[in-house]
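Note: hydrogens, waters and symmetry copies are ignored here, and every other heavy atom, side chains too, is used.
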Amino acid sequence: MKYFGLVWKNVWRKKIRTSLTILSVLVAFLMFSLLNAIGQAMTGGGATIESARRLVVIDKVSLINLLPIAYGNRIAAIPGVDKVAHATWFGGYYQDVKNQFGQFPVEPEEYLALFPELEIPDEQYRAFLANRTGAVVGRSLAEKYGWSVGDRVPIHSSIWSKKDGSQSWEFDIEGIMENTSSGGSDAMLLFHYEYFDEARRGGQGLVGWYTITLNEGANPVEVANAVDAEFANSPNETETSTEAAFAESFMEQLGNIALIVQLILGAVFFTLLLVTGNTMSQSVRERISELAVLKTVGFRDRTVLGVVLAESILIIVIGGGLGLLLGWVATTALSSAFTAMMGIGLSLSTGLVVMGVGIMIFAGIAAGIFPAMSAMRLSIVDALARR
Amino acid sequence: MRFINQVFAVTMLNILNLPKRIATSTVAIVGVLSVVLVFAAVLSMAKGFERTMIATGADDVAIILRSGATSELTSGFSNEQTLIIGNMPGVLKDGDKPVSSAELFVVVDITKRSNNKDANVPFRGIQDGAFDVRDGVVLVDGRMFETGKNEMIVGRGVEQEFVGISVGDTIRFGLVDWQVVGAFEAGGGSAESEIWTDVRVLQDAYRRGNSYQSVRVRLESPESIDALKEAAEADPRVDVDVSSERDYYAAQAEGLSRFIRILGYPITFLMAIGAVFGALNSMYSSVSARGTEIATLRALGFGPFAVLVSTIIESTLLALVGGLLGGALAYVVFNGFRVSTFNGNSFSQVVFDFAVTGDLLVQGIVTALIIGLVGGLLPALRAARLPVAQALREL
């Protein structure tokens, strides 16, 4: 610490060069935070602590195949299973095809018991239970489309027709729900399965998938295998996985987003190392006689090494810190726009910040180590004689 | 003329001097290189995806879905309705039979080669007309499936990107075993991402009765789509949306390629800003290293403008080298790189190749030149303004 003044003076010796280097570092870390935030939102989006504890049961052949409603009781009887609820993909939109979001016909009491993170005010919840054509929607949707409790909204389903052939379904908004889980999405509309099953033209008694919670201490892998074994060799074999793994595999179908992010950042950081390394070696080259003087007045080799390394780390930490800060501002500002496009918000997680700081230190050392070594090995006599 | 000679002389001096400043110059070049590389790589995804979707769509083929359906998956017809559609005006007839194919579309999970995880693959039941309502579909391996049997033919893309689905393999979906008997190509179009079988067999295997999801018809000419639309609207027995195949696929491609562009351009812009800093840095140190030189030239009578222009030329040349290398690297590494992604409209995978096209390369090089110009301007001004006497005294 006592050398901080010296390091600080050295850093600002050439103001233009240092500022430009810091700005390059800033851009690199801004990209680091933005790209990773987007990548995380898209790959791990919706993966919350709760979702790792729930299992999802879908048809083995494909998610688009439906499962019999009778499976619910059979799943509930499997040892280790605590609660079961089903849901179905409704495939609807509001007013325009572009306004797509998730709507699910569910048994409200069963379903919400499985998703405690979805909170609805008690009074609204009771009103929803009492109204057969009632629905609850997430706050983000209510704000986006300007819905409030008491509104009657038409949803056009591209999959399900009513018995009269019409594909327009009307729901009374009885409640607004919020997702209290960090990183969880509330962009959905839930309505009564009973109404859905009565009114739909075909597919009676078929549902999209089941969600399960486990008893305390039950092994998720064993339960998943037991569920799949229960329905093996039936016309509807099942595939059971944790909700988090299910969401992840779904996003993975988009392509390896994480890999693309990694490759871009690889190019960015490689360039960054060159830029900073170059700055440091220039800076050491210019100061050879100064460094020799430091050694002459009694600075140890190791101290000289430390002073140069500290300079390199300091430059990257200033630039990187500013970059992360700007990244935080940008993700916060872009979050709602991203939610509108992808249905999930952006955030700069603590893990990312920690990783960013780790990269700063590492890059600082990597960029500074060779110039620092050469400063350390400097022979006083040669350096002072400018040989 | 004298001015041009001066600029030329100073520029040559700068360039011959470059080896002495190799480290800083390389940093500037690599900075620009990575911008152009990332730009071309990211946007070649959008280009490749669009190309695949557009290669799929013809003008004189119409695709008919139930009205309001957003894709084949959410559409549905009875057998009777498909026959009515086939006999409408505007549809090309072969003798008295319409050139059409009523099809059923389901999605199956198959293991992807790249990550060993399951992904959705479209499984299409077709009628005999399927080959006549699509251009360029040819069987390249094995034979055609036999009607009524659990046999299928697979697109080249599926065969390459997924596991256990080559000609000769048997694959099990649910309780049914299917034999892969042939492979086909479709001129790079999205049909290459599909598996085809006899529609009646597929109806049975998926308990769909005698129902279909889409009808494709060959039109008499691209213009006769209007006649078909009118007839479909007037007929109370069917309630359908008619669109040309080209429009249908172009609309499907829009979402994903727009998303890639929304990400790609800002990424390039940010990286370009970073590269400008790199170029500025390199040119500032170039100017300060040549301080005495520049002052000597000025003392000999070279004008400040010649010094300014030559410094800009130097930085632009460095950026150009970076841009060319980046573009070449992107082309070598990514062009033709085959991947598959999720197409939300068909709820399944589309296999496509990255396409590093000429216009992408041109855009990349232009970006590089801009970086070079911007990065050279301020240092050039400093070089031109260098006080001669003071710089010479520093000797």
For this session: Return yes if some donor-acceptor pair links the side-chain N/O of A:Thr18 with the main-chain N/O of A:Lys15 below 3.5 Å, else return no.
Result: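 Judged by distance alone, no pair lies under 3.5 Å.
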Given a strict heavy-atom distance threshold of 4.5 Å, which part of [X] is in contact with chain A: side chain, backbone, both, or neither?
| X | value |
| --- | --- |
| B:Val108 | both |
| B:Leu37 | neither |
| B:Arg21 | neither |
| B:Val35 | neither |

Exercise. Quick one: which residues of residues 22-29 of chain B reach chain A at under 4.5 angstrom, heavy atoms only?
Worked result: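 Against chain A, the residues of residues 22-29 of chain B that fall inside the cut-off (heavy atoms, under 4.5 Å) are B:Ala23, B:Thr24, B:Val27.
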So what's closer than 4.5 Å to chain B heavy atoms on [X]: side chain, backbone, both or neither?
| X | result |
| --- | --- |
| A:Ser157 | neither |
| A:Ser19 | neither |
| A:Leu34 | side chain |

Exercise. For the atom pair CG (A:Leu348) and OG1 (A:Thr331), what is the distance rounded to the nearest 0.5 Å?
Worked result: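 If I round to the nearest 0.5 Å, the distance is 5.0 Å.
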Exercise. Between B:Glu194 and B:Arg124, is there a salt bridge with N-O shorter than 4.0 Å?
Worked result: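 Yes, B:Arg124 and B:Glu194 are salt-bridged.
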Exercise. Is the closest basic N to carboxylate O distance between A:Glu239 and A:Lys60 below 4.0 Å?
Worked result: no
Exercise. Does any non-hydrogen side-chain atom of A:Ile359 lie less than 4.5 Å from one of A:Phe29?
Worked result: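 With C-beta onward as the side chain, the pair touches.
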Exercise. Can you find a heavy atom in the side chain of B:Tyr284 that is under 4.5 Å from one in the side chain of B:Leu378?
Worked result: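 In contact.
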Exercise. Hey, which of B:Val38, B:Leu270, B:Val176 has the most heavy atom pairs under 4.5 Å with chain A?
Worked result: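 Most heavy-atom pairs under 4.5 Å with chain A: B:Leu270.
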Exercise. Are B:Phe352 and B:Phe49 close enough that their ring centres sit under 6.0 Å apart?
Worked result: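 For B:Phe352 and B:Phe49, the ring centres are under 6.0 Å apart.
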For this session: Verify whether the ring centers belonging to B:Phe123 and B:Phe173 lie closer than 6.0 Å.
Result: yes
For this session: Run the numbers on A:Glu286 and A:Arg17 for salt bridge (Lys or Arg N to Asp or Glu O under 4.0 Å), then give the verdict.
Result: CA-CA 13 Å; A:Glu286 289 161 9; A:Arg17 186 172 65 208; 2.8 Å; yes
